[in-house]
Amino acid sequence: MERQARPSEGQARSMIVLWIVCAFLSGSFMFSYWLGLAGRKNLKAIGDGNPGAMNLWKAQGYKAGFLGVILDFAKGYVPLVWIVHSGYAAGYGYFLIPLALAPIAGHAFSPFLKGKGGKAIAVTFGVWSAISSFEVSLVYAAILAAMKVGGYWMNRQKSTTVESDGMQVVCGMFLLAIYLVLAKFPTAILLVWLGNLIILVYTHRMELVSWLKKYAD
């Protein structure tokens, strides 16, 4: 049997650039927003105006919301897990950074919504599940759960606010760095974390500003 020729370095790099574009487009598909419109709900006019899965959950119930979470997770997970297991990304480690951040950025700055996307939480879990075989996403989920329980008791068992939820998402991602460093993840993964943190700070900027104003007074 004739052995298949391995792509040259230039061809492999061109392929990865194409994958970055495809990963961004995958992330930019606003499934939750479109599901809302299908149910005659404009998510941008509901609650905090977030066109993502959590707002869909609030607007149309847990069934539609859960579907939105799955689809938003999948658009980060599916392209990344396919690319990572293709073998090419492994040969060019630092290309993993834009590859991993592309779906998250696509959701946060979706061209389908004129650059105004969602908060990128579900797609973040999808990306980390793909590049770490679920390890990092499970740790992040555990951190958020612990912060949620802690916030619940600190607020004397009252429901948390949108502002505090946004603060927990960002702080949880910040704390995730401790695990990544202790577990000795490579530099490329740490840079993915940094880019992800920056995007989450941006997408939750209104909640962070509101939270800071609230506790600064």
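Throughout, residue positions are numbered sequentially from 1 according to the sequence presented. All values below come from the heavy atoms of this structure, side chains included, with hydrogens, waters and symmetry mates left out.
Contact annotation: the side chain of Ile199 never approaches that of His107 to less than 4.5 Å [non-hydrogen atoms, C-beta and beyond]. The shortest side-chain heavy-atom distance between Lys58 and Ile46 does not fall under the 4.5 Å cut-off. Using a 4.5 Å heavy-atom threshold, the side chains of Leu37 and Tyr33 count as touching. For the pair Phe24/Pro111, a side-chain contact is recorded, criterion being any heavy-atom separation below 4.5 Å from C-beta on. Residues Lys75 and Pro103 have side chains not in contact (no heavy-atom distance under 4.5 Å, counting atoms from C-beta outward). In this structure the side chain of Lys148 reaches within 4.5 angstrom of the side chain of Asp165, judged on heavy atoms. Looking only at side-chain heavy atoms (C-beta outward), Phe125 and Leu144 come within less than 4.5 Å of each other. When side chains are defined from C-beta on, Ser26 does not count as touching Val78, because their heavy atoms never get closer than 4.5 Å.
Here the closest non-hydrogen pair linking Leu80 and Ala130 is CB-CB, 3.5 Å. Closest approach of Leu99 and Trp19 over heavy atoms only: CD2-CB, 3.8 Å. Nearest heavy-atom pair, Val192 versus Ala100, reported as atom, atom and distance to 0.1 Å: CG1-CB, 3.8 Å. Scanning both residues, Val136 and Leu180, for their nearest heavy atoms gives CG2-CD2, 3.8 Å. Nearest heavy atom pair, residue Ile104 against residue Ala120, reads CG2-CB, 3.9 Å.
The structure places OG of Ser129 at 12.0 Å from OH of Tyr140, a figure rounded to the nearest 0.5 Å. Here the straight-line distance linking atom CG of Leu56 with atom CE of Met30 works out to 11.0 Å at 0.5 Å rounding. Distance CZ/Arg40 to CD/Gln60: 11.5 Å, rounded to 0.5 Å. Note: Ile97 CD1 to Leu191 CG = 4.5 Å, rounded to the nearest 0.5 Å. Note that the SG atom of Cys171 and the CG atom of Leu200 stand 11.5 Å from one another [nearest 0.5 Å]. Atoms CG and CG, on Leu190 and Leu176 in that order, are 10.0 Å from each other to the nearest 0.5 Å.
Separation of the Tyr77 and Phe134 ring centroids falls under the 6.0 Å cut-off. Residues Trp34 and Phe112 place their aromatic rings such that the two centres sit under 6.0 Å apart.
Grouping the Ile, Leu, Val, Met, Phe, Trp and Tyr side chains by contacts below 4.5 angstrom, directly or via other members, places Ile121 apart from Met206. Linking ILVMFWY side-chain heavy atoms closer than 4.5 Å, directly or via other members, places Leu18 and Val81 in two distinct hydrophobic clusters. In the hydrophobic clustering of ILVMFWY residues, with side-chain heavy atoms under 4.5 Å counting as a link, Phe185 and Leu175 come out together. In the hydrophobic clustering of ILVMFWY residues, with side-chain heavy atoms under 4.5 Å counting as a link, Ile20 and Leu25 come out apart. Residues Val201 and Phe109 do not share a hydrophobic cluster, clusters being chains of Ile/Leu/Val/Met/Phe/Trp/Tyr side chains in contact below 4.5 Å.
Around the NZ atom of Lys41, the shell of radius 6.0 Å holds no more than 12 heavy atoms that belong to other residues, nucleotides or ligands.
No side-chain donor from either of Ser110 and Ser28 sits under 3.5 Å from a side-chain acceptor of the other. Ser32 and Asp72 form a side-chain donor-acceptor contact under 3.5 Å, judged by distance and modelled atom types alone.
No option in Leu67, Val69, Leu71 other than Leu71 meets the side chain to side chain contact (heavy atoms under 4.5 Å, CB included) test with Phe31.
Pairs of residues two or more places apart, or lying in two chains, that qualify as side chain to side chain donor-acceptor pair (under 3.5 Å) and include a residue from residues 179-203 are Thr124-Asn196, Trp128-Asn196, Glu135-Tyr179.
Between Tyr62 and Trp57, the ring-plane angle classifies as tilted under the 30° and 60° cut-offs.
When atom types are taken as modelled, the side chain of Lys119 and the backbone of Asn50 share no donor-acceptor pair closer than 3.5 angstrom.
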